[in-house]
Student: 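A single structure is presented below for examination.
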Amino acid sequence: MTAPTGEWTVARLNNALHSGEDIFILDIRNRDEAEAAPVEGTKPLRSINVPYFEMLESSESFDFVESVKEAHDRGLMEGMPRDEPILAVCAKGDTSDFVVDALRPLGYDIRHLGGGTLAWGNHYELRTVAEEDKLAVYQIQRLARGCLSHVVVSDGRGVVIDPLRHIDQYSELAEAENFEITAVLDTHGHADHISGGRTLADWLKVPYFLHPYDGIHPLDVLPAEMDYEFLKEGWELAVGGATIRAMHVPGHTLGNIVFYLDDRFLFTGDSIFIRSIARPDLGGKGETWAPIHYRSLSRLLELPDETLIMPGHFSGRTEANDAGQFAAPLGELKETNDGLQMVHKGEEPFVQYILESLPKFPDEYVEIKRVNAGLLEPDEDEASELELGKNICALSQAYGLVGAGAEARV
């Protein structure tokens with residue numbers, strides 16, 4: 001479907017961000033929403049945040065388009081360029097359309113984002129990481145949130161690892177590539193996003209696997225109110241001609257698991273990322289779990305350097321390789337990943353580094369863990385609000401933050 005004149009689709013926005021196009025963002029959301037969930041590309045984007053309600057203040061008109069023009073005349077949009085493309089964004093794509101109607105006649109090359117940041121937050125991209133005679137590995141990217149999930153396929157059978165909230169994409173991939181999903185795996189009880197694991201497994205009537213330590217909410221100390229099969233160290237699953245082996249690596253959570261596929265691909269969930277490593281405090285036990293995290297990472301660093309790391313998150317688009325995949329050999333990450341380099345300095349320096357590098361603890365992460373344990377059932381609006389903004393499961397350095405540890409230590 002062709003987008004209406006003056007509108008960009010989220011796919012068009014993704015292409016522009018991936019290619020590094022020059023775009024100026026006029027963000028008319030409330031300031032807290034704009035700060036929590038900025039539009040980000042492979043390079044910094046110029047932007048201004050002018051909440052729409054501020055455009056209405058002091059306006060003598062009851063017409064929104066006229067109010068925007070008056071706000072412009074009052075200098076509220078100072079710094080907005082006339083010689084480069086502008087994209088107006090709002091939460092759902094309706095209000096920003098009126099902004100385009102107001103500013104285009106004033107000579108601006110401006111369009112708006114169809115569906116707004118809600119549509120952008122729910123946009124997914126598919127990348128093929130491996131495609132061989134007997135094995136295929138797919139990466140599904142939720143770009144606005146920095147969340148990744150993976151699908152392993154062999155001999156017509158498939159397994160989904162860390163499925164994200166919108167599960168239709170997995171059945172659509174299975175239909176397109178002609179395979180049957182036979183199991184759903186979560187590396188851990190997620191805090192930053194709502195897992196699609198239990199929902200997808202129920203829909204397909206296949207088993208859902210989770211480590212039992214993550215079947216207990218770490219702060220409420222309540223057992224999960226959902227069915228799942230137990231994962232444990234050394235657990236194996238045949239997927240056609242391939243084999244997935246579980247390694248229990250507590251630290252980010254007590255039940256944290258990584259999955260080793262044919263001793264070649266390591267699905268690290270929230271343990272090793274491309275630029276950083278996972279934080280150990282989202283269960284409220286940062287000082288206790290940091291030494292455990294050290295021992296787990298030390299174990300993973302003993303794997304072969306050619307092992308391809310497939311993380312559960314990324315902190316920025318620049319972490320992608322030339323093929324647009326968020327994946328890298330372990331040997332390369334040993335040289336470039338600051339957190340992994342700290343492991344080589346020993347447990348005490350590592351723990352100090354971790355506790356001085358914790359970003360702010362988001363209150364909503366406690367609620368998301370409740371949802372993922374089946375203790376809460378949010379509606380779509382509530383789920384979208386809980387998932388607003390990027391994940392912050394890595395250490396502060398990954399996001400350009402400095403000195404966050406003092407206020408975040410738990």
Student: For a quick test of reading the model, state the closest non-hydrogen atom pair linking P81 to I86 and the distance between them.
Tutor: O-CD1, 3.1 Å
Student: Distance check, rounded to the nearest 0.5 Å: K369 atom NZ versus Y365 atom OH?
Tutor: 11.0 Å
Student: Tell me whether E177 contacts the main-chain N or O of A174 through its side chain, where contact means a donor paired with an acceptor under 3.5 Å.
Tutor: no
Student: Which pair of non-hydrogen atoms, one from G121 and one from R142, has the smallest distance, and what is that distance?
Tutor: O-NE, 2.7 Å
Student: Taking the six-membered ring for Trp, is the centroid-to-centroid distance between H188 and H211 below 6.0 Å?
Tutor: no
Student: Inspect the contact between R198 and D186 and indicate whether a charged nitrogen and a carboxylate oxygen are less than 4.0 angstrom apart.
Tutor: no
Student: When you check the side-chain N and O atoms of Q397 and S357, is any donor under 3.5 Å from an acceptor?
Tutor: yes
Student: With rounding to the nearest 0.5 angstrom, report the CZ to CZ distance, F259 to F209.
Tutor: 9.0 Å
Student: Hydrogens and angles aside, do Q139 and H150 bring a side-chain donor and acceptor to less than 3.5 Å of each other?
Tutor: yes
Student: Does R82 qualify as a cation-pi partner of Y108, given the criterion of NZ or CZ under 6.0 Å from the six-membered ring centre and within 45 degrees of its axis?
Tutor: yes
Student: Whether E21 and K43 form a salt bridge (side-chain N of Lys/Arg under 4.0 Å from carboxylate O of Asp/Glu) is what I want to check.
Tutor: no
Student: Do S171 and E175 have side-chain N/O donor and acceptor atoms under 3.5 Å apart?
Tutor: no
Student: CG/L282 to CG/D192 distance, rounded to the nearest 0.5 angstrom?
Tutor: 8.0 Å
Student: I'd like to know if the side chain of Q352 pairs up with that of E356 as donor and acceptor (distance under 3.5 Å, no hydrogens or angles considered).
Tutor: yes
Student: Any donor and acceptor pair, going by atom type alone, linking the side chain of T307 with main-chain N or O of L266 inside 3.5 Å?
Tutor: no
Student: Can you tell me if H313 uses its side chain to pair, donor with acceptor, with the backbone of G146 under 3.5 Å?
Tutor: yes
Student: Give the minimum heavy-atom separation between L87 and H112, together with the two atoms involved.
Tutor: CD1-C, 3.7 Å
Student: Does the distance from a Lys or Arg side-chain N to an Asp or Glu carboxylate O, for E40 and K390, drop under 4.0 Å?
Tutor: yes
Student: Using only atom types and a distance under 3.5 Å, with no angle test, would you say the side chain of N372 pairs donor to acceptor with the backbone of S195?
Tutor: yes
Student: Passes side chain to side chain donor-acceptor pair (under 3.5 Å), H72 versus E70? Steps please.
Tutor: CA-CA 5 Å; H72 174 271; E70 291 178 14; over 6 Å; no
Student: Does a donor on one side chain sit under 3.5 Å from an acceptor on the other, for D162 and S149?
Tutor: no
Student: Has D262 got a side-chain atom pairing as donor or acceptor with R264's backbone, closer than 3.5 angstrom?
Tutor: no
Student: To the nearest 0.5 Å, what is the distance between CD (E385) and CD (E33)?
Tutor: 8.5 Å
Student: More than 12 non-hydrogen atoms from neighbouring residues, nucleotides or ligands closer than 6.0 Å to CG on N178, yes or no?
Tutor: no
Student: If you round to the nearest 0.5 Å, how far is CD1 of I309 from CG of L303?
Tutor: 7.5 Å
